[in-house]
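Below: the structure, in structure tokens.
Below, read A as the first sequence line, B as the second, and so on, with proteins coming before strands; counting in each chain starts at 1.
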2 protein chains.
Amino acid sequence: MNELVKFEQYLRTHGQKMTRPRRIILKAFIETEGHLTTEDILREAKKVDPGIGQATVFRTIRLIADAGLAREALQDDGARKFEHLADHPHHDHLLCVGCGKIIEFLSPAIEKEQQKIFSQYAFLPRGHMMELLGLCPECQAKQKKGE
Amino acid sequence: MNELVKFEQYLRTHGQKMTRPRRIILKAFIETEGHLTTEDILREAKKVDPGIGQATVFRTIRLIADAGLAREALQDDGARKFEHLADHPHHDHLLCVGCGKIIEFLSPAIEKEQQKIFSQYAFLPRGHMMELLGLCPECQAKQKKGE
DNA sequence: TTGATAATGATAATCATTATCAATGAGGTA
DNA sequence: TACCTCATTGATAATGATTATCATTATCAA
Ligand SMILES: [Mn+2]
Ligand SMILES: [Mn+2]
Ligand SMILES: [Zn+2]
Ligand SMILES: [Zn+2]
């Protein structure tokens with residue numbers, strides 16, 4: 001797993017240590033697709049070692065994100081969600097406000113326009129978050145039936 | 001103030017009542033520009049009536065948002081922020097990760113592309129959140145000096 | 001192998017938000 | 001206007017996610 005190597009490198013260059021819990025948490029996170037809460041990650045990690053604590057998951061997921069291996073997905077409320085970036089190119093989200101369904105998409109046109117905004121204000125780009133909110137076809141049909 | 005009329009209308013059509021605290025909170029919110037937390041709003045409202053409780057601010061700001069007079073600004077963490085929509089057309093945010101400075105902008109090109117995404121997936125648009133993160137010119141200079 | 005130091009996990013603390021509830025207020029009706 | 005019903009209020013407790021604390025344990029460079 002290449003992610004493990006990257007993570008070890010990140011830790012080394014930041015004066016931190018690779019540990020058994022960190023290895024387990026990283027592996028559980030990378031091997032699970034989707035938008036995960038720390039609770040989700042803890043559940044997976046506990047399958048390997050039930051002794052792992054949730055505080056360690058919070059600490060480790062932040063390290064993983066800082067290492068550039070994960071990003072925080074937009075949370076409406078409740079718990080934060082993370083998704084890994086392994087073989088997962090950058091994308092944005094289209095979310096159904098009715099059922100919570102998430103569609104991932106990438107719009108090169110939008111990405112290009114965003115760069116224009118950055119340069120227009122002389123900002124050094126550091127990323128962006130974009131979430132489109134709408135009603136999916138199924139929820140539209142459900143709503144029509146409802147009234 | 002036109003917003004007061006709209007809010008009264010919203011309340012009436014939803015079987016809810018206009019009250020003195022609600023009037024004070026709405027006025028304080030509309031008359032303050034920027035991205036406000038409920039604590040900010042409470043502070044302003046207390047200047048008019050110190051007896052107002054923070055629970056009422058939480059409840060009222062949600063009503064105001066539901067009435068279409070406010071929207072939630074993207075919060076990284078900590079308290080939620082709201083901004084009113086009175087004489088304030090839709091816009092997105094460019095945020096400096098160094099100093100927290102916020103620039104409001106509108107990109108018609110991006111808005112148009114977002115509509116394309118919605119129709120591509122047959123979603124009924126309900127809004128969007130977009131935040132560009134970067135380093136402002138001042139913070140870039142500061143950083144260069146730092147090392 | 002050792003020793004300095006970082007990491008762990010249990011637990012308490014924090015902080016924003018929501019729920020509860022007795023008292024009050026709004027506003028339609030007679 | 002007086003009344004009556006039901007929404008609203010503010011104080012306070014509860015909740016839920018995240019962070020801080022701290023004694024114990026593990027890592028890893030020398
Ligand atoms: Mn995603
Ligand atoms: Mn704004
Ligand atoms: Zn849906
Ligand atoms: Zn800045």
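Regarding contacts with the backbone of dA6(C), every side-chain N or O of T19(A) stays at 4.0 angstrom or more from both OP1 and OP2. For R80(A) and dT18(D), the shortest distance from a side-chain N or O to OP1 or OP2 is below 4.0 Å. Close to dG9(C), at under 4.0 Å from its OP1 or OP2, lies no side-chain N or O of Q54(A). An OP1 or OP2 oxygen of dG9(C) is reached within less than 4.0 angstrom by a side-chain nitrogen or oxygen of T56(A). Between R22(B) and dT8(D) there is a side-chain N or O to OP1 or OP2 distance below 4.0 Å.
What separates CZ of R12(B) from P of dG27(C) is a distance of 10 Å, to the nearest Å. Taking atom CG of D77(A) as the reference point, atom C1' of dC15(C) lies 16 Å away to the nearest angstrom. Whole-Å rounding puts the I41(A) CD1 to dT18(D) P distance at 10 Å. For I25(B) and dG10(D), the CD1 to C1' distance is 11 Å, given to the nearest whole Å. The distance between atom CG of D49(B) and atom C1' of dT9(D), rounded to the nearest whole Å, is 11 Å. When rounded to the nearest whole Å, the span between CG of L11(B) and C1' of dG28(C) equals 16 Å. In this structure, E39(A) places its CD atom 13 Å from C1' of dT18(D), rounding to the nearest Å. Atoms CD1 (I52(A)) and P (dT8(C)) sit 9 Å apart, rounded to a whole Å.
Between the base of dA26(C) and the side chain of K17(B) there is a donor-acceptor pair shorter than 3.5 Å. If you check distances only, the side chain of R59(B) does reach the base of dG10(D) with a donor-acceptor pair under 3.5 Å.
The pair E83(B)-R71(B) counts as a salt bridge, with a side-chain nitrogen and a carboxylate oxygen less than 4.0 angstrom apart. Remark: K27(A) engages E31(A) in a salt bridge, criterion side-chain N to carboxylate O under 4.0 Å.
Of the nucleotides present, dA4(C) is the one that pairs with dT27(D) by Watson-Crick or G-U wobble criteria, both distances under 3.5 Å.
Heavy-atom distances to DNA chain C give each of A79(B) and P21(A) a nearest nucleotide, and the one nearer the 5′ end belongs to P21(A). Heavy-atom nearest nucleotides on DNA chain C were determined for M18(B) and for G15(A), and the one closer to the 5' end corresponds to G15(A). Projected onto DNA chain D by closest heavy-atom contact, G53(B) and G78(A) fall at different nucleotides, the more 5' of which corresponds to G53(B).
Of all the heavy atoms in I52(A) and L42(A), the pair that sits closest is O-CD1, 3.7 Å.
Although no hydrogens or angles enter the test, the distance criterion places no donor-acceptor pair under 3.5 Å between the side chain of R62(B) and the main chain of V57(B). S119(B) contributes a side-chain N or O that, together with a main-chain N or O of K116(B), makes up a donor-acceptor pair within less than 3.5 Å.
In this structure, the nucleotide among dA11(D), dA7(D), dT17(C) sitting nearest to the side chain of T38(B) is dT17(C). When distances are taken from the side chain of R62(A) to each of dA6(C), dT19(D), dA16(C), the shortest belongs to dT19(D).
Counting only N and O atoms by type, the side chains of H90(A) and E111(A) include a donor and acceptor under 3.5 Å apart.
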